[in-house]
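All values below were derived from every heavy atom in this structure, side-chain atoms included, with hydrogens, water molecules and symmetry-related copies excluded. Numbers here are sequence positions counted from 1.
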Amino acid sequence: MKAVHHFKTWHDTDTSLDWKRTTRLFQLSPQGLGTSMVESLAGYIARLANEHCIKTGRLFIDVLTPYLNKFYLNEISKRGGNGFYDSSHMINGNSVAAEQFSTMLNDLTGNTNLQQLTLLRFAKAIPQRGLLRNVRAWCPECYEEMKQSISAIVYEPLIWSLRAVSVCRKHHRFLTDLCPSCTRTNLLIDRRSSSGFCSHCNAWLGRANTEKTDRCDYEQYSKAKMVERLLESMQIPNKDGIVVSLNRIVAQENSNITGAARKLSVPKTTFWTWYKGRNLPQLEDVLRICNKYGIDIVDFYLGHFNDDYSPVIFAKRKKKINIKLTTRPLIEVRSIAKNLVMNSANGYMHVQAMADEIGCNKKTLYNHFPALCKAQAMKWKQYLKKRKRNRLENIRREVDTALMWSSERGEHPTVPKLEQYMKKPAIFREAEVKNHLKKRLLEANYERNNFGG
């Protein structure tokens, strides 16, 4: 992997350098601050690793994981699992992970503005659910333009990680998520992540292999435009602005909650929770509301209206399709359900499994046979308790065996050694197992252990 460095030259005789403010990592400047093409934090990490001439995975193992004191992430990687990488898209959002990583990287690089590479400022207005993609998406022509620019800095814009955005307005192309060479998807962060290149085959992703968008595809184009407007704004929205906007919508329409919900094609109870401030509408729902009523998206989140905005009517909100319909007569369903509940061998079944066994919808069982469902749920809880009890008994025996192994070798039974022998990393983080080890150590008159006495 070839690194392209973008740092000014300096000399050791330069008196302007403040040696007391040295940082662990390069003070790499984020790209696109204050614009709709602001860099994502996930892409920044990959670019930071590239500038240090190391792989992204190595940066995590040597620097980031020790800083966060989350060594179990490295253990997952050693065993071949993706662990953190599978959910790495969360650091671009407004979750605790985004806050932790942006704060950590500010400290390690000396920057102070890396929170702007996430959606943290929207944490009080936009829920995390359905907000981000699980895999990378990109515009090949944007990559090529970055490569051919004067700075030649290729980076991952934050807007590409949002599910609501599926087109590049600049080049009128659909975003793609498949490598043109190996046709595989890429995680937001991978052990071999590199901006503009496939993490599997290392092919350049700037090759255009997507089609131009349809000129009449105003919906996707309008969504992208509104999200750009939201990212450009430095306002910090909150729940109160949403409540004010929804109340004004209902008032101006001379309608009620039921009428507004019907117009937006959303369940009445869902709209009611938004209207009362109990829940936050997802970004896709806000985009639909803004276009339906002709409101600027920033004004909507702030509780203001813009009369000059032109609405674009979107398709109706996608409804959940119930693919499991009850076709059996209720008498037959009751008979089968009763037999399953009466059979003691079916304690491992929860209510959903019982519904699948019968071939009916779970709601049918709860609505018509609540007593049977309650009885089966109790059996399921007892089964889980028994399984947990058996598991703990087996683990306690393994701990005793590991302690004997350590004693025979004349070694002090430290937690890392015991976990290594048992082949169960982090097993002593469980309270029951931890207490059992403490008990055995006290019985053996050990004066010191790994739990602070």
Side-chain angles (χ1 to χ4, degrees), residues 32-43 87-103 113-134 137 156-167 175 188 219-220 222-249 261 264 266-267 270-293 295-306 309 314 317-318:
L33 290 176
T35 71
S36 62
M37 292 293 284
V38 62
E39 185 174 14
S40 69
L41 189 61
S87 57
S88 60
H89 58 283
M90 300 293 286
I91 71 172
N92 285 341
N94 50 28
S95 63
V96 175
E99 184 176 1
Q100 289 179 343
F101 272 82
S102 57
T103 301
N113 51 10
L114 296 185
Q115 282 85 357
Q116 297 181 36
L117 309 189
T118 69
L119 299 173
L120 279 173
R121 67 179 184 274
F122 304 111
K124 295 182 178 180
I126 303 178
Q128 184 77 19
R129 181 182 178 186
L131 181 60
L132 300 169
R133 285 189 172 89
N134 297 327
E156 308 282 333
L158 178 63
I159 193 172
W160 291 351
S161 65
L162 298 177
R163 284 188 179 180
V165 179
S166 59
V167 297
L175 300 182
L188 267 293
E219 180 176 340
Q220 301 299 331
S222 180
K223 283 183 179 181
K225 183 177 180 180
M226 283 193 290
V227 174
E228 288 178 9
R229 169 90 173 91
L230 189 63
L231 293 179
E232 289 171 354
S233 171
M234 299 309 294
Q235 301 283 353
I236 301 178
N238 55 50
K239 184 189 298 183
D240 295 336
I242 299 175
V243 173
V244 170
S245 294
L246 293 177
N247 277 268
R248 290 185 62 180
I249 286 174
L264 292 170
V266 299
T270 299
F271 186 84
W272 182 85
T273 59
W274 300 344
Y275 184 83
K276 293 295 184 180
R278 301 287 181 86
N279 292 330
L280 295 172
Q282 295 183 29
L283 181 59
E284 286 275 4
D285 293 317
V286 172
L287 294 173
R288 184 179 299 101
I289 293 171
C290 290
N291 276 277
K292 200 83 167 185
Y293 292 98
I295 310 170
D296 179 76
I297 189 169
V298 176
D299 291 341
F300 175 85
Y301 278 118
L302 297 178
H304 305 149
F305 277 46
N306 185 349
Y309 197 69
F314 285 5
R317 189 175 191 256
K318 294 182 179 179

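Closest approach of V286 and P281 over heavy atoms only: CG2-CG, 3.7 Å. Contact record, R133 with L188: O-CD2, 3.8 Å, taken as the closest heavy-atom pair. The two atoms that bring A164 and E284 nearest to each other are CA-OE2, 3.4 Å, heavy atoms only. Summarising the geometry of S102 relative to A98, their closest heavy-atom pair is OG-O, 2.8 Å, with the distance given to 0.1 Å. When all heavy atoms are compared, the tightest approach of A224 to V165 is CB-CG1, 4.2 Å. The shortest heavy-atom contact between S245 and G303 is OG-CA, 3.3 Å.
Considering only heavy atoms from C-beta on, I249 stays 4.5 Å or farther from K292 through its side chain. For the pair N94 and Q128, the minimum side-chain heavy-atom distance is below 4.5 Å.
Partners of V96 according to the side-chain contact (heavy atoms from CB on, under 4.5 Å) rule, which considers only residues two or more places apart in sequence or in another chain, are Q100. The side chain to side chain donor-acceptor pair (under 3.5 Å) search around R278 returns none, not counting sequence neighbours. The ring pair (Phe, Tyr, Trp, His ring centres under 6.0 Å) search around W272 returns none, not counting sequence neighbours. For the side chain to side chain donor-acceptor pair (under 3.5 Å) test, residues two or more places apart in sequence or in another chain that qualify with E156 are R136, Y143. Among residues two or more places apart in sequence or in another chain, the side chain to side chain donor-acceptor pair (under 3.5 Å) test is passed with N247 by Y275. Partners of R163 by salt bridge (Lys or Arg N to Asp or Glu O under 4.0 Å), not counting sequence neighbours: none found. Residues passing the side chain to side chain donor-acceptor pair (under 3.5 Å) test with N134 are H89, sequence neighbours excluded. Residues that satisfy the side-chain contact (heavy atoms from CB on, under 4.5 Å) test with S36, not counting sequence neighbours, are E228, E232.
Within a 6.0 Å sphere centred on CD1 of I236, other residues, nucleotides and ligands contribute 12 heavy atoms or fewer.
The structure places NZ of K225 at 13.5 Å from CG of L287, a figure rounded to the nearest 0.5 Å. Note that CG of L230 is 8.5 Å distant from CG of L162, once rounded to the nearest 0.5 Å. Here the CE atom belonging to M90 is positioned 10.5 Å from the OG atom belonging to S88, to the nearest 0.5 angstrom. The distance from the CD1 atom of I289 to the CZ atom of F300 is 4.5 Å, given to the nearest 0.5 Å. One finds the CD1 atom of I297 at 5.5 Å from the CG atom of L283 (value rounded to the nearest 0.5 Å). Note: W274 CH2 to K239 NZ = 14.0 Å, rounded to the nearest 0.5 Å.
With hydrogens and angles ignored, the 3.5 Å screen pairs no side-chain donor or acceptor of N92 with any backbone N or O of S40. In this structure, N238 contributes its side chain and G241 its backbone to a donor-acceptor pair below 3.5 Å.
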Expected list for residues 115-127: side-chain donor-acceptor pairs under 3.5 angstrom, two or more places apart:
unit_1	atom_1	unit_2	atom_2	d
Q115	OE1	N106	ND2	2.8
T118	OG1	Q115	O	2.7
T118	OG1	L120	N	3.2
R121	NH2	L231	O	2.8
R121	NH2	S233	O	3.3

